[in-house]
Every structure is written in C-alpha cells, then in structure tokens.
Amino acid sequence: MRESKDFLRTIVEEDLKSGKYKEVITRFPPEPNGFPHIGHAKSICINFGIARDYNGHCNLRMDDTNPTKEDTKYVEALKSAVEWLGFDRGDNVYFTSDNFHKLYDYAIELIKMGKAYVDSTNEEEMRSLRGTVKEAGKRSKYAVRSIEENLDLFAKMKEGEFKDGEHVLRAKIDMGAANMKLRDPLLYRIRHANHFRTGDEWSIYPMYDFAHCLSDYIEGISHSICTLEFENNRDIYNWVLDTLGLELPRPYQHEFARLGINYTVMSKRKLLELVEGGQVSGWDDPRLPTIAGYKRKGYTPESILNFCDQIGIAKANSMVDVSQLEFCIRDDLNKKVPRVMCVINPLKVTIQNYEGTEDIDASYYPHDVPKEGSRKLPFSRELYIERDDFCENPPKGYFRLTPEQPVRIRHGFIISCKEVIKDANGKITEIKAEYYPDSKSGSDTSGIKVKSAIQWLSAKEAKQVEVRLYDRLFSCEAPEGVDDLNPDSLRIIKNAFVEPAVITEKPDERFQFERQGYFYADPIDYTDEKPVFNKIVGLKDSYAKKKKPTQEVVKPASKPQTKKAQVEGEVASMSEAQQLLFDKYTTELKLNAEVANILARDEFLSSFYQEALSALNSPVSIANIVVNEVSKEIKDKQASELKFTSKQIAGLVKMIDDKTISSKIAKQVFEEMAKFGENPSVIVEAKGLIQISDPSIIAPIIDEVIAKNPDNLEKFKAGNTKLLGFFVGQVLKATGGKANPQVVNKLVHEKLN
RNA sequence: UGGGGAUUCGCCAAGUGGUAAGGCACUAGCUUUUGGUGCUAGCAUUCACAGGUUCGAAUCCUGUAUCCCCAUCCA
C-alpha cells in the first residue's frame, strides 16, 4: 500500500475503527451496455483494491435495469476485464435484475407509506412541471391518488396492462427541492422490452436511483463508491434507504473523480461512435482506451494496475497525461521482456570483405536485466539495417553510420561505409561496406571507437513480418469528435523483418525490438506463416526530442500579471441596520473593518457577540473569536445546536487576555467546548493547559530541540530562516503546546543568532 | 430558488496551524555495445485571488473569481 492514504481509504478506516461496519464490502457496478475502458479499470482498482486492503470483499454487479441497452456480450467483457486485471471476484456475478422481486416489494412498501405514487402525466408535461434550476417545480395532479389506487395501478403496470410511457411510479419527496434530483424522482417506468436475463417476465423496470441503493443494501455493501456526477443523486440514495427505515448497517455513497486521459475519449457514447462508424476495427482496437484494446495492444495488467495506483484518487476533475501510462508499460516491460532485432524500413548493406556465414551468440537481455537466455544471430555478407541509421550528410550530433563514421552492428562487428549506391532518382539503394574482423563484440581488439550500435539482420535469414505501428488516436489533447482523429494513428508495415529466433524460438510473446520499442505478437492475427506484431509503445527517444525542439510548448502567460490585480467582484450592500452596527463596531469598539463587516452582516453572530460583550468588556478579542471560531461552528449546524454559550466564550477570552493560556491553546479549548459544552476553565484545569512563560523552564527545552536537529540547525545557519518556525513548533510540541509561543519565539531567535 | 463539488509545479497528487511529500514530464551530468535502462543533481520563498485571525496560515474566518455536475421514462 502507498504511504499516503487516499480519502476513500481514510473514510473506510474510520468506519472500521468506529465499528460502523464489521467488514468492508464494496462493489463494482457497471451497466453492461459497452466495453469497459481504463476508467473502469480505475474503479475496479479502487473497489477491489480497498476490499483487498481491508480484508473485505467486492462484488462484481451488473446494473442491468435498462433492458433496451444491455447485452450478455458486455457482461462477458466486464467479467474478463476484472479477471485480466487479476482481481478475485469469487464465483459470483451479481445482477440488479436478480433483485427485481425484492425491489418491487420495496416499492409497494413506499406506496403504502404514502411516499410513492403513480403519475400519469406525459413526459413533456412532466418536464415542464419539474421547474428549472432557479424555479421550484409543481407537483402533478395525480400525486393525490389514494394508496389503494396507487397499489392497484402499480400492480397493473407490472402485469403489463399499460403501454410504454402511460404511467410511472414516482417518489413523493419535494417538487421545490433546490437539488433537482429530489423533485419527485421516477422509481419505475413501463418498458415492454426483452431483458437479456429476465426475458419478458417484467414490463416495468426500476430506475437507477431506486435500484442502486437498494441493491447495495441487499448485498450488504458498506461503501458505495461512484464517480462525481452522482453527487446530486446521493440525496435520493439516502432518502430511499432512510424512508424505508432499513435495518442498520446500511451503505453510504462516496464519490471520486473519474479518470480522463488526454489524446483520447472515454465516454461510452463516443467510443461506440468510433466502433460503429468504422474508425476503429472494433472494441479491442489497440488504439482505443478500452481494456480489450490495451490487452490486444500488448499492455500488461500489471502496468494498468500500477498506473491506477500512481494517479491516485481525489475529488478534483483531472486529465492525466498519457505519458504517465506509457511510463508504466515501459517500466514493466523493461524488466521482463527479451531484446531482439527488427528492421522496419530496410536498407541493404553489403560487407565487401566478408564471405560465408557464421552465427553470433547474443544474449536476450541487457546487462541490467537479471534474466538468462540467448540466441544465435546469423551473420553474412548481405545485411539489412534501418534506413534511418545511415545518413550521407549527417547533422551535428548524429551517432549512426555515415560515409565518415563507422558504427557497430549490435552484438557483432564494427563496419564502415565505403560506397553509396543510388538509383536514377537519387534514392539510396545499397551501401557497400567493410567490416573489421578484430572488432567482434566481446573480443574487440580493433581499438576503434564508435558512437552507437545499430540493429541489423542477415538478409537471407531475416523473416518477413507485418508490423502495426500505433500512434495516438487523436491529434489534440481534448478531442471532441471524429474531426480530431489522427490520420496516422495506424501505419501497417507489411514487409518488416525480424531475426529468425523471434519466430522459431518464440522466447516470449512480447519483445523489445531494440531501439524501436516494445512489440506484441497479435493474439488474433498472428500465424507462423504470417507473423503480426503490434507496437505497444516506443522507447523513450531523447535523440528525437533533441532533433525537433520546435515542438516547444508555449508557456502560459506569466503569473505576476494576475498577481497584482485584485479580482473585484460585486459585493452585496448592507442594510441600514447593518450599516449602523458596522459603524458602531469600527468607531466605538475599534474593531477592524473586516471583522466588523462580518459581524454586522450576520444576525446571529452579532447578537452572540453582544451577549459575550456584556459578560466581559474585551471587544476586540471577543470579536476575533466570534468571527473566526464561532462562525466555523454555525457553518453546518443550527445555532440552537451549539454546545457552548456566549458567557463561556467570554470566559475563554478572559483567560487569553490575562495570559493564562495562549491563543494556540485557546483553539484547542474551544474545540473541546464545541464538542462537549464544558466550561473553559474546567477544561484548562483538567488538562493542565496553563501557559508556561518562564524562560528558565523553556530554555533547556529549546537547547534539547536544537541538539536533536543538527542538520536543521546547519540549514538555518546557511540562511534558511523558515526553520525558525520549525524550531518553535518542535519546542511547542515538546511542551504539549503549553509553552508561551511568544516567549519561545524570542528565545529561539536569540539562541540561533 | 438555485443547489452540489472542486481549485497545491506543464500533468497527476500528499499535506487539515509549526521545514511545501512523491510520481510523470522536463533540464543537466555520470554509466551504458539499445540516443533504452540505471545513478546523481536541478526543477512551487509559495498553495486561484484579496483581506482578516495568529508568534506562525496551503491548512481557520470572510469575500471574490474560475471550472465541473444537476431540469433522460439513461446509468
């Protein structure tokens, strides 16, 4: 597990610790209406990962409540995705449709409670009655139907006596709710459609908001984790479970940000468009961010898992850079995969001073990969090298073969160019070269220094293969649609060559073609007669980067500009009474404008302030506490829920004023007061929080702290003045916060200078 | 009558009053018979902005800005 926990794991740990749940049970609940993509992988990692980390378990559940969109083939894809990623889902796959009968019974219960009704308004009218974000909605006239009538109608809906759209079942919540999801949400709709599992048994189907929470409950889920766009649905989730008065423990919903990756699309709709539009070869097209696509391309499950771990979990919408994913697959394959040679765009090289053939022994793995294995590399008079590895008029910094510069053929000899043969168009067709017999790899006595070693093949023994070069599907970072497609996302090279061992020995299904990238024997199209390799990812190429620095990203406008300019928005004006108060606070009581402003505008705060003031005449200190601390407590609480009184606050301020406690301790005391409502003096006494201001007590503690942190002392002396705060903090920590911070500050300052 | 979230380096992301973690990317140098790998170093005086509270603020308070989600009989 990573050393810093994400917010979900923090919640889970707290819930386990508090005994809210005995066991953590999560679920991964996709709708089987499309192929899972890497966003699902993130969700799988979260749900199964949390279950694994806390010895719980995770259900794979198909959220199959909409028969018109769903299909078994997607169920299979989902199952195999979870398996491929290596998570144990047990033998069981759960289906929401397994609960249809139970859900129906819960709906009836809701009707009996008068909390649900059959609505017969048509779709259009229903929409207009729902209101807008700024206006309340109006309840349907059918909402007044009796329980009996609702029960009867709902039963008939189930029996299939009505056509699609004639009636729906709705929860009776609040048509004026600020959260529009709460404006009497639909629970059931009529759908005369064949469901891939329940067939024609049902003519009504539950909606997500009704089915999901209850399925969670039925399965005993503790933590129902979903993406951010369901935040508004959380209120319905809770309403259903609470209204039904279900036995505890019951699940709670928590939301995280879905994954976005640049240069690709992640929505099911857009993915489907690409598949159906024929822009890609299918759901498993290696250019797609689907799990099937990554698998087909040659990604390993480990690399995806690692990626999900690296990107973390948070609540801010984000767009992860593909390079992070690419790093993960390179990092994984680097440790695992044999290195072989492949020439994609061949250039013939004839070694004029060599006759016959020989085999060169070559390790599959470089010195830094601790794996064993080697193969024979045939060497002969006629070779292929990569066209890019020869240049007649090389730019500065070119390390490969040129008329003047010799090069090593990897694992073999050093060669140098003697003659360049061209056709009528000036295209180079062949290089006449010579080799140095005493330069063989491993026993080189030639003394020739060479700048690089290039891949090569013996022309006669080289095996022809098809190589599929994949690039990003879209050419812009945040693609909108087919217009943004990268025209070169797939290049098929039918006549590339690899060394024979790749085909005959098959040491692996994934390879590093040296200096080119990682490749994968296509699991579908590969045959021994016609081998096909997919490019998984290229190697990092710092030469290519150096070559075209033109791609330099335009730096965003410099910060300092926005730095100075204060963003001035509209500030609501004060009422007359508020203005009066404000004036009194600033002139009479000498409060600063900011504090006075906050106080004057808040009715509760100002009256609370007045009360406290009548108990203790310390206008500024009280105002500060009220504005900064008390206001925190009333943020998400009713004023009546406050545990402390204005008098107690006055008492607290008194202790600060007469220096019994420091303001730091005061915060701590205040927290206790807010929790338990005890008197400040009682808390201070019980916890022994009285401030230590005596330098003779504090000084030795400071010496101790300094002695314990020699490296920081050094840094401080070197000019890192921030560390003053560090030392003060340490001293305060050592005294349990009781040392007078002002005194400590002064003393530390003196000692360090 | 609007509500709910979010904002820390180019991209992710820790951090909840006491030294601004980490990864990717980037930049150098060393290593290297892969322009790969590895190693070393550099990369936020500052946390959207502006005030306030405090000895001390990314963290607490107030205000402002920007982005995302919500008015499917989808999930």
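All chains are named by letter (A, B, ...) in the order of the sequence lines, taking the proteins before the strands, and each is independently numbered beginning at 1.
Residues passing the ring pair (Phe, Tyr, Trp, His ring centres under 6.0 Å) test with A/Tyr117, sequence neighbours excluded: none. Every residue meeting the side chain to side chain donor-acceptor pair (under 3.5 Å) condition with A/Asp216, not counting sequence neighbours, appears here in chain and number order: A/Arg61, A/Ser224, A/Tyr237. In this structure A/Asn232 satisfies the side chain to side chain donor-acceptor pair (under 3.5 Å) test with no other residue, sequence neighbours excluded. Residues satisfying the side chain to side chain donor-acceptor pair (under 3.5 Å) criterion with A/Tyr74, sequence neighbours excluded, are absent altogether. In this structure, A/Phe7 has no ring pair (Phe, Tyr, Trp, His ring centres under 6.0 Å) partners at least two apart in sequence or on a different chain. Under the side chain to side chain donor-acceptor pair (under 3.5 Å) criterion, A/Glu231 pairs with no residue at all, not counting sequence neighbours.
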(message) Each nucleotide in nucleotides 2-7 of chain B should get exactly one letter: B, S or -. Can you fill that in based on protein heavy atoms under 4.0 Å?
(response) BBSSSS

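Rounded to the nearest Å, the gap between the C1' atom of B/rA58 and that of B/rU54 is 15 Å. A gap of 15 Å separates the P atoms of B/rA50 and B/rA57, to the nearest Å. B/rA21 and B/rC43: their P atoms are spaced 11 Å apart (whole Å). Nucleotides B/rG63 and B/rG4 place their P atoms 14 Å apart, quoted to the nearest Å. Nucleotides B/rA6 and B/rU45, compared at atom P, are 26 Å apart to the nearest Å. Between B/rU19 and B/rC24, the two P atoms lie 26 Å apart (nearest whole Å). If you take atom P in B/rC70 and the same atom in B/rU1, they sit 24 Å apart, rounded to whole Å. With both ends at atom P, the span from B/rC11 to B/rC49 equals 15 Å, rounded to whole Å.
Using a 4.0 Å heavy-atom distance criterion, A/Arg127 is classed as a sugar-phosphate-only contact. Residue contacts shown for A/Ile598 are limited to sugar-phosphate atoms, with no base heavy atom under 4.0 Å away. Residue contacts shown for A/Lys715 include a base, since a base heavy atom lies under 4.0 Å away. Here A/Phe230 lies in heavy-atom contact (under 4.0 Å) with a base. Using a 4.0 Å heavy-atom distance criterion, A/Tyr365 is classed as making no nucleic acid contact. A/Arg130 comes within contact range of the sugar-phosphate backbone alone, with a heavy-atom separation under 4.0 Å but no base atom that close. Counting non-hydrogen atoms under 4.0 angstrom, A/Glu31 reaches the backbone sugars and phosphates but no base. Residue contacts for A/Gly397: at a heavy-atom cut-off of 4.0 Å it reaches a base atom on one of the strands shown. Within 4.0 Å of A/Glu514, counting heavy atoms only, lies at least one base atom of the nucleic acid. Note on A/Gly442: a base of the nucleic acid sits closer than 4.0 angstrom, heavy atoms only. Here A/Thr10 lies out of heavy-atom contact (under 4.0 Å) with every strand. The residue A/Ala136 sits close to a base: some heavy atom pair falls under 4.0 Å. When heavy atoms are screened at a 4.0 angstrom cut-off, A/Thr132 is found touching base atoms of the nucleic acid. A/Ser441 comes within contact range of at least one nucleobase, with a heavy-atom separation under 4.0 Å.
Residue ring and base: A/Phe726 does not count as stacked with B/rG18 (centre distance below 5.5 Å and interplanar angle below 30° not both satisfied). Here A/Tyr208 does not pack flat against the base of B/rA75, since the 5.5 angstrom centre distance and 30 degree tilt limits are not both met.
If you check B/rC30 for Watson-Crick or wobble pairing at under 3.5 angstrom, you find it paired to B/rG38. Summarising the base pairing, B/rC67 is matched to B/rG5 through a Watson-Crick or G-U wobble pair whose two defining distances lie under 3.5 Å. Across all strands shown, the partner of B/rG18 is B/rC55, judged by Watson-Crick or G-U wobble contacts whose two distances both fall under 3.5 Å. Pairing for B/rG10 is with B/rC24, a Watson-Crick or G-U wobble pair whose two hydrogen-bonding atom distances lie under 3.5 Å.
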All N/O contacts under 3.5 Å from nucleotides 38-45 of chain B to the protein, with atom names and distances to one decimal?
none

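Side-chain N/O atoms of A/Arg601 include none lying less than 4.0 angstrom from OP1 or OP2 on B/rG63. Checking the phosphate oxygens (OP1, OP2) of B/rU53, no side-chain nitrogen or oxygen of A/Lys667 falls inside 4.0 Å. Checking the phosphate oxygens (OP1, OP2) of B/rG35, no side-chain nitrogen or oxygen of A/Arg408 falls inside 4.0 Å.
Set against B/rC61, B/rG52, B/rA13, the side chain of A/Glu594 has B/rG52 as its closest nucleotide. Side-chain proximity of A/Asp321 to B/rC55, B/rC74, B/rC11: nearest is B/rC11. The side chain of A/Lys632 lies closest to B/rC61 when the candidates are B/rC61, B/rU34, B/rU54. With distances taken from any side-chain atom of A/Asn712 to the nucleotides B/rU34, B/rC73, B/rU19, the minimum falls on B/rU19. Listed nucleotides: B/rA75, B/rU33, B/rG18. Nearest to the side chain of A/Ala453: B/rU33. Checking B/rC55, B/rC61, B/rG52 against the side-chain heavy atoms of A/Asn592 singles out B/rG52 as nearest. Picking from B/rA75, B/rA21, B/rG18 the nucleotide with the shortest atom distance to the side chain of A/Ser4 gives B/rA21.
Where A/Lys664 and A/Tyr518 meet RNA chain B, the nucleotide closest to each residue was compared, and A/Lys664 sits on the side nearer the 5' end. Each of A/Ala257 and A/Gly725 was assigned the nucleotide of RNA chain B with the nearest heavy atom; the assignment lying further toward the 5' end belongs to A/Ala257.
Put simply, the side chain of A/Val320 does not reach to within 4.5 Å of the side chain of A/Leu325, judged on heavy atoms. In this structure, A/Arg9 and A/Ile313 have side chains that are in contact, with non-hydrogen atoms separated by less than 4.5 Å. A/Leu187 places none of its side-chain heavy atoms less than 4.5 Å from the side chain of A/Phe154.
When each of A/Arg410, A/Gln455, A/Arg339 is checked for a side-chain hydrogen bond (donor to acceptor under 3.5 Å, both in side chains) with A/Glu514, only A/Arg410 meets the rule.
Donor-acceptor pairing under 3.5 Å, judged by distance alone, is present between the side chain of A/Gln512 and the base of B/rU34. Taking only distance into account, the side chain of A/Arg400 meets the base of B/rG35 through a donor-acceptor pair shorter than 3.5 Å. A donor-acceptor contact under 3.5 Å is formed by the side chain of A/Gln324 with the base of B/rG23. Within 3.5 Å, no donor on the side chain of A/Ser663 pairs with an acceptor on the base of B/rU54, nor the reverse.
No donor-acceptor contact under 3.5 angstrom links the side chains of A/Arg234 and A/Asn238, judged on distance only.
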Acceptor/donor pairs from residues 711-728 of chain A side chains to any protein atom, 3.5 angstrom cut, sequence neighbours excluded:
residue, atom, partner, partner atom, Å
A/Asn720, OD1, A/Lys722, N, 3.4

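Ion pairing between a basic and an acidic side chain is recognised when a charged N comes within 4.0 Å of a carboxylate O; A/Lys69 and A/Glu31 show no such pairing.
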(request) Go through A/Tyr518 and A/Asn334 one step at a time and tell me if the side chain to side chain contact (heavy atoms under 4.5 Å, CB included) criterion holds. (result) CA-CA 9 Å; A/Tyr518 293 98; A/Asn334 176 49; 3.5 Å; yes

